[in-house]
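Below is one structure; the comments refer to it alone.
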Amino acid sequence: MLMVPSESLRDAYGEELKALGAKYRNLVVLDADLSSSTKTSIFGKAYPDRFFNMGIAEQSMVATAAGLSLSGKKVFASTFAVFLMRTYEQMRQSVCYNNLDVNFVVTHSGITVGEDGATHQIVEDVGIMTGLPNMKVTVPVDSIETRSVIDFLAEKGRGPNFVRLSREKFPVLNDKGYEFKQGKSHTFKDGDDVTIIGMGVMVSFALEAAEQLKNKGIDARVINMSSIKPIDRQAIVKAAKETGHIVTVEEHSIYNGLGSRVAEVTSEEYHVPVWRLGMKDTFGKSGKGWELFDYFHMGVDDIVKLTEGCFREEPRYENFP
Amino acid sequence: MEQYKEADLKNIATSIRRKIIEMVYSAKSGHPGGSLSIADILAVLYFKELNIDPLDPSNPDRDRLVLSKGHASPGLYAALSIRGFFPESLLTGFRKLNSKLEGHVHRGVPGVEASTGSLGQGLGIGVGMALAGKLDSKNYHVFVIVGDGEMEEGSIWEALMAGAKYKLNNLIVILDKNGVQLDGFTKDIMPIGSVRDMVSSFGWDVIEIDGHNFEEIISAVKKAKKSKDKPTFIIANTIKGKGVSYMENNPKYHGSPPASQEEYEQALREIGGDE
């Protein structure tokens, strides 16, 4: 692990909501019986009249969010990532088609859910959300970026937004003054030989991998692509031109996630090899969150190996369905 | 709004029905059956009970209507145009390219509060609008029209729970109970028992009326508006395809226009009114 402290993204979310509740009287928050886990309960305790616990009824939560937004409210709605997906159609018809200012902030995404196992570890959500017209998708890398994203959405966010948070605490990579800009990436480490573009906690793995690669004489650039849609095309093309090789790393399926988005850009604008690291058409499983990265060949060593292979332009023998 | 007498409402409902037939026949597609069944309800709401102003469609104090059964768009578009939200001439664009009149209810059309079309979502939207009205201490009412086939959607029951929990006495649902859905009769496709008993047990006030009787529609709505701490669910017993003999109670005309020029002319003749 990197020698930096870790902090909870969902705590940061709940605390930031509470702070924003004082500033925006029209801010309302909805949850579906998971508020003590998503941390919207922090807002709920401070502003009980503007907090609606809709019960274990996610479809109702999303449609109600639409109605509140149609009546001028700034809406945040939360549950676990996997359970929001059952409301895909409510999100599509009632929120995205009406192009409403509704912010879906989900927690417990990906394999870092850990012990609860495959049923709760969604690795398809970013792809599902990216496909929705009007929907914007953000995956904060740490607690500092989480706060900045929530501030941005409350102040300037327009239309539907999806923000993907985690159960586990993640290493704090950003400096305190960091400011999120929708559609912009952030380069944590410069490098000329190969670029590792990461999403979420895997950016911290990529930084560790970059240290090891340095010892092998490979100078890797590391980019945090928290804004998945809109995506930072400019940074991707620049990385393609300057480093010639791109590796993507994500706590998500390699289908329809970060890697796919990056490959869309390179295939249209500047051809370079894009090697994707992530979940390969599979469900997760029970175990400690951090153990699972090694189990699914998504750990630091796996990033080092893949990046070295990409840089040296070795043949890649893995087969994906 | 009180200037509209029952005789006027009857003429308005007739105009709505004529326009429904004209729109679906011109579009060669659309849903006449469930539009005709709510024509009388739409006439009462848009010309008597809704506090709305076509010249000020986004007034924060206005009443809201969400047509959850969004396939009945011809009925809603007709009512809105007659009420003056947009020129009646635009109705000919229904379901055609370069027209705002999307096949299913679309918010781009003046007077429409929410895009709908996938069943089971409008009631939840209405819950949100009613909650916002409470938060803002507004006196407006939110009306939601749902279909009886739509009651098969689980999300309807989720929203019913929420309406009762938050004591949304500013929320009024009207069920267009016409007994027919796309594939046949609701009692055959999915018998769900007594909606009256079920909704009542969910904590709502329930009123049952003849959905083609203006007096009953008006008095039910007036009673619902006076509710102290419960949302109201009005079961309006209606006839699918009401006003056109060959469409009445015929599942075929849930989603099909008149099949020929003869059928088209017969429909208009039976509906009556001015050309």
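Throughout, a chain's letter reflects where its sequence line sits, starting with A, and its residues are numbered from 1. Since the model is a prediction, treat every value here as computed from it, not as a measurement.
With a 4.5 Å cut-off on non-hydrogen atoms, A:Val28 touches chain B through its side chain but not through its backbone. B:Glu102 touches chain A through its side chain: at least one heavy atom from C-beta onward sits under 4.5 Å away, while N, CA, C and O do not. With a threshold of 4.5 angstrom between heavy atoms, A:Leu30 does not approach chain B through any atom at all.
Across all non-hydrogen atoms, the minimal contact from A:Tyr13 to A:Ser78 is OH-OG, 2.7 Å. The two residues B:Ala220 and B:Ile207 come nearest to each other via the heavy atoms O-CD1, 3.7 Å. The two atoms that bring A:Lys136 and A:Pro230 nearest to each other are CG-CD, 4.1 Å, heavy atoms only.
With chain A as partner, the option from B:Leu131, B:Leu123, B:Val127, B:Val66 having the largest number of non-hydrogen pairs under 4.5 angstrom is B:Leu131. Chosen from B:Arg107, B:His106, B:Met129, B:Gln121, the residue pairing most often with chain A at heavy-atom distances under 4.5 Å is B:Gln121.
The shortest distance between side-chain heavy atoms of B:Tyr77 and B:Met23 falls below 4.5 Å.
A:Phe51 CZ to A:Asp49 CG: the interatomic distance, rounded to the nearest 0.5 Å, is 12.0 Å. A distance of 5.0 Å separates CD1 of B:Ile38 from CG of B:Leu67, quoted to the nearest 0.5 Å. We find the CZ-CE distance between A:Phe104 and A:Met129 to be 8.0 Å, quoted to the nearest 0.5 Å. Separation of atoms CG (A:Asp11) and CD1 (A:Ile42) is listed at 5.5 Å; rounding is to 0.5 Å.
Residues A:Asn98 and A:Gln93 have side chains that never bring a donor and an acceptor to within less than 3.5 angstrom of each other. Judged by distance alone, the side chains of A:Lys229 and A:Asn161 never bring a donor and an acceptor atom under 3.5 Å apart.
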> Should A:Leu100 and A:Leu70 be marked as a side chain to side chain contact (heavy atoms under 4.5 Å, CB included) after you check the CA-CA gap, both sets of side-chain angles, and the distance that decides it?
Replying inline: CA-CA 7 Å; A:Leu100 303 178; A:Leu70 281 164; 3.6 Å; yes

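A centroid separation of less than 6.0 Å is found between the aromatic rings of A:Tyr47 and A:Phe43. In this structure, A:Phe180 has its ring center under 6.0 Å from that of A:Phe152.
Identified under the ring pair (Phe, Tyr, Trp, His ring centres under 6.0 Å) test for residues 105-128 of chain A, with sequence neighbours left out: A:Phe80-A:His108, A:Phe83-A:His120.
For residues 111-118 of chain B, the interface with chain A (any heavy-atom pair closer than 4.5 Å) comprises B:Glu113, B:Ala114, B:Ser115, B:Ser118, sorted by residue number. Among the residues in residues 142-150 of chain B, none has a non-hydrogen atom closer than 4.5 angstrom to a non-hydrogen atom of chain A. Identified by a heavy-atom distance below 4.5 Å to chain A, the contributing residues of residues 159-168 of chain B are B:Ala159, B:Ala162, B:Lys165, B:Tyr166, in residue-number order.
When each of A:Arg147, A:Lys23, A:Arg10 is paired with A:Glu16, the salt bridge (Lys or Arg N to Asp or Glu O under 4.0 Å) condition holds for A:Arg147 and for no other.
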